[in-house]
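Quick notes on the structure that follows.
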Amino acid sequence: MSLEAWGTIGSLGTFVVITATAIAAFVQLRHTRSSNQIAAITEMRETFESERFRQARLFVVEQVPQFLADPGERKKLGGATLSPELDSVRDVANFFETMGVFVKFGVVDQALVCDLWDGVVFKTWKQLEPVIMIRREVGDRGLWASFEYLAVICEESLSKSQGDHYPLGMRRMTIDQGSLEAAEAFARDQTDAPESVAIAE
């Protein structure tokens, strides 16, 4: 066999090795990305389900409207920095800001985040929107921009799915009559009961 033939075989072998190495690296990168995404989602869920964060969200639901309605209290929202009594506002907004950054840079999958939390993200943005607009008037006009970005994505997700991310084409569960009656009874109870404040899960 000529030297040229051996050279061609050698070049072909080198190409095969390089290709195999690239494929292996790509597979490894996908595994690493999946592991990072699982870790990020797990950490977000743990924070989201913590008692401290639940109390912070409850503060946003119950107390923020009172701050907004009273001129004296509303002034506190426009201070150079938020006072310690408003730490819950900062904690909730920062949490969703971080989530927005993770989505924006592909650390976590957008569809996955929307499937898990689109309703909560959008509702929380709307609850904090007046505060964010006030904070932007007195400081950084880009404050919590990644939270806003995430809320826009989640609003679009909600408009498409109406909050129901059940897979298309998959049959739904046959609901027992007793379960339907329980839901109807609950709905009647809600119309008869005084209005109460609740946070979305």
Side-chain angles (χ1 to χ4, degrees), residues 36-159 161-165 186 190 193-201:
N36 289 342
Q37 180 165 248
I38 290 168
I41 289 290
T42 300
E43 186 172 339
M44 285 189 287
R45 179 176 286 283
E46 287 174 353
T47 300
F48 194 82
E49 294 176 354
S50 69
E51 179 60 21
R52 181 171 182 266
F53 194 70
R54 194 187 77 81
Q55 290 298 328
R57 291 177 62 220
L58 197 59
F59 180 92
V60 168
V61 172
E62 294 181 341
Q63 301 301 318
V64 165
Q66 296 180 31
F67 275 85
L68 291 167
D70 183 282
E73 295 295 289
R74 189 166 56 242
K75 187 176 181 180
K76 296 177 182 178
L77 299 172
T81 59
L82 287 177
S83 63
E85 67 183 311
L86 292 165
D87 279 349
S88 292
V89 169
R90 185 185 301 106
D91 290 346
V92 171
N94 284 346
F95 172 78
F96 288 112
E97 175 77 359
T98 301
M99 187 184 288
V101 169
F102 282 180
V103 170
K104 185 165 58 176
F105 289 101
V107 177
V108 294
D109 184 67
Q110 172 181 318
L112 179 58
V113 169
C114 287
D115 194 84
L116 289 168
W117 295 305
D118 60 3
V120 176
V121 171
F122 178 68
K123 184 174 182 177
T124 306
W125 168 268
K126 282 302 180 183
Q127 290 163 343
L128 285 176
E129 189 177 70
V131 178
I132 294 170
M133 294 304 102
I134 291 171
R135 297 302 305 158
R136 287 180 178 180
E137 281 296 317
V138 299
D140 181 3
R141 297 195 66 80
L143 182 67
W144 292 316
S146 294
F147 180 12
E148 180 180 0
Y149 163 78
L150 183 64
V152 169
I153 290 172
C154 289
E155 182 182 26
E156 291 176 355
S157 171
L158 283 168
S159 68
S161 68
Q162 298 301 308
D164 185 353
H165 295 283
F186 175 78
Q190 293 300 103
E195 189 174 330
S196 60
V197 175
I199 58 174
E201 295 302 328

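Arg54 places no side-chain N or O within donor-acceptor distance of the main-chain N or O of Glu49, the cut-off being under 3.5 Å. Under the 3.5 Å distance criterion, the side-chain polar atoms of Arg90 are matched with a main-chain donor or acceptor of Leu82.
A pairwise comparison of heavy atoms in Ile134 and Leu77 identifies CG2-O, 3.6 Å as the closest pair. When all heavy atoms are compared, the tightest approach of Leu68 to Arg74 is O-NH1, 2.5 Å. Nearest heavy atom pair, residue Val64 against residue Gln127, reads CG1-O, 4.0 Å. Across all their heavy atoms, Val138 and Gly79 have their closest contact at CG2-O, 4.1 Å. Listed here is the closest heavy atom pair of Ser157 and His165: OG-CE1, 3.3 Å. Counting all heavy atoms, side chain and backbone alike, Ser161 lies closest to Asp118 at OG-OD2, 4.0 Å.
Shown here are the side chain to side chain contact (heavy atoms under 4.5 Å, CB included) partners of Lys126, two or more places apart in sequence or in another chain: Phe122, Glu129. With sequence neighbours left out, Thr42 forms a side chain to side chain contact (heavy atoms under 4.5 Å, CB included) with Ile38, Glu46. Looking at residues two or more places apart in sequence or on another chain, you find a side chain to side chain contact (heavy atoms under 4.5 Å, CB included) between Arg141 and Glu137. Gln66 meets the side chain to side chain contact (heavy atoms under 4.5 Å, CB included) test with Gln63; sequence neighbours excluded.
Atom CG of Asp91 sits about 11.0 Å away from atom CG of Leu86, to the nearest 0.5 Å. Atom CG in Leu116 sits 8.5 Å away from atom CE in Met44 (nearest 0.5 Å). With rounding to the nearest 0.5 Å, the separation of CH2 in Trp117 from CD1 in Ile41 is 4.5 Å.
Around the CD atom of Glu43, the shell of radius 6.0 Å holds no more than 12 heavy atoms that belong to other residues, nucleotides or ligands.
Residue pairs meeting the side-chain hydrogen bond (donor to acceptor under 3.5 Å, both in side chains) criterion with at least one member in residues 93-106, sequence neighbours excluded, are Asn94-Trp144, Lys104-Ser146.
Under the 4.5 Å side-chain criterion, counting only non-hydrogen atoms from C-beta, Phe48 is in contact with Arg57. Using a 4.5 Å heavy-atom cutoff, the side chains of Trp125 and Ile132 are in contact. Side-chain contact check for Phe67 versus Glu85: some heavy-atom pair is nearer than 4.5 Å. Annotation: side chain of Met99 is in contact with side chain of Phe96 (closest heavy-atom distance under 4.5 Å).
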Donor-acceptor contacts under 3.5 Å from residues 147-156 side chains, at least two apart:
unit_1 : atom_1 : unit_2 : atom_2 : d
Glu148 : OE1    : Arg136 : NH1    : 3.1
Glu148 : OE1    : Arg136 : NH2    : 2.9

